[in-house]
Amino acid sequence: IAHAAHVSAVRSLYKRILLLHCFMPIDLWALEVTRFMVEWQNYKDTLQTQVLEAVGIKKLAFGADLSEEKLKDFQDEQIGHLYELMLESTTPNRQFDIQDEGIPK
């Protein structure tokens, strides 16, 4: 339950920041968003490196890139589905919460 509360608090804070950015002048908002994203990307990179080093994994990768030649065989709708799948598969949120039967969330 503590984890769920933490996740909720983080999401709430993030949503509040996004909402407040809407009231900033557009040029300042763009500057702040860029800076915000760079710092969070740096944090993610540092944390990811530390975690992977701690468990002895240098690089963790799944799947393979499709060649441009193979992509030409797909229809536009299929390319769209692949893109949506890529977005879902790289989202850090847990998509499923597996629990024993009879135990409420």
Side-chain angles (χ1 to χ4, degrees):
I1 294 180
H3 174 73
H6 173 75
V7 169
S8 178
V10 169
R11 285 183 182 153
S12 178
L13 176 61
Y14 181 70
K15 286 177 184 179
R16 179 59 55 147
I17 290 169
L18 288 177
L19 176 65
L20 291 171
H21 275 166
C22 293
F23 294 97
M24 296 171 65
I26 191 69
D27 52 344
L28 184 57
W29 181 82
L31 177 67
E32 287 292 321
V33 168
T34 301
R35 188 178 206 186
F36 181 84
M37 292 303 295
V38 166
E39 292 303 320
W40 276 106
Q41 183 69 37
N42 289 341
Y43 174 71
K44 187 272 305 175
D45 291 344
T46 300
L47 188 58
Q48 179 173 300
T49 299
Q50 292 170 347
V51 167
L52 293 178
E53 287 176 357
V55 297
I57 300 173
K58 298 296 180 200
K59 183 179 179 187
L60 184 62
F62 299 99
D65 293 334
L66 291 173
S67 68
E68 192 171 324
E69 184 177 303
K70 288 182 181 179
L71 284 174
K72 288 179 182 178
D73 292 336
F74 287 93
Q75 297 175 2
D76 289 343
E77 186 177 345
Q78 290 172 311
I79 296 292
H81 289 299
L82 283 173
Y83 180 72
E84 289 175 17
L85 178 61
M86 185 271 308
L87 290 177
E88 278 297 315
S89 66
T90 57
T91 299
N93 296 334
R94 291 177 55 188
Q95 296 177 357
F96 303 101
D97 189 10
I98 300 171
Q99 296 181 2
D100 291 332
E101 287 186 33
I103 298 175
K105 268 186 155 182

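When a residue number appears, it is its place in the shown sequence, counting from 1. As the structure is a computational prediction, the values presented were derived from the model and not from experiment.
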>> Tell me whether V10 shares a hydrophobic cluster with F36, the cluster being built from Ile, Leu, Val, Met, Phe, Trp, Tyr side chains joined at under 4.5 Å.
In response: no
>> Does Y14 have more than 12 heavy atoms from other residues, nucleotides or ligands lying within 6.0 Å of its OH?
In response: no
> Hydrophobic clusters join Ile, Leu, Val, Met, Phe, Trp and Tyr when side-chain heavy atoms are under 4.5 Å apart, directly or via other members; which others share one with F23?
Replying inline: L19
Going by atom type alone, with no hydrogens or angles, which donor-acceptor pairs under 3.5 Å involve a side-chain atom of residues 44-52 and a protein atom two or more places apart or on another chain?
unit_1, atom_1, unit_2, atom_2, d
D45, OD1, Q41, NE2, 3.2
T46, OG1, N42, O, 3.0
T49, OG1, D45, O, 2.9

>> To the closest 0.5 Å, what do you measure between OG (S12) and CD1 (I17)?
In response: 10.0 Å
>> K70: which residues meet the side chain to side chain contact (heavy atoms under 4.5 Å, CB included) condition with it, sequence neighbours left out?
In response: L66, S67
> Out of curiosity, does I26 fall in the hydrophobic cluster containing M37 (side-chain heavy atoms, cut-off under 4.5 Å, transitive links)?
Replying inline: yes
> If you round to the nearest 0.5 Å, how far is CZ of R16 from NE2 of H21?
Replying inline: 13.0 Å
Indicate every side-chain donor-acceptor pair of residues 73-80 with a distance under 3.5 Å to a residue at least two apart or in another chain.
unit_1, atom_1, unit_2, atom_2, d
E77, OE2, H81, NE2, 3.4
Q78, OE1, Q75, N, 2.8

>> Among residues at least two apart in sequence or on other chains, which ones pass ring-ring contact (aromatic ring centres under 6.0 Å, His included) with Y43?
In response: W40
> Going by side-chain heavy atoms closer than 4.5 Å, which hydrophobic residues are tied to M86, directly or by a chain of links?
Replying inline: Y83, L87
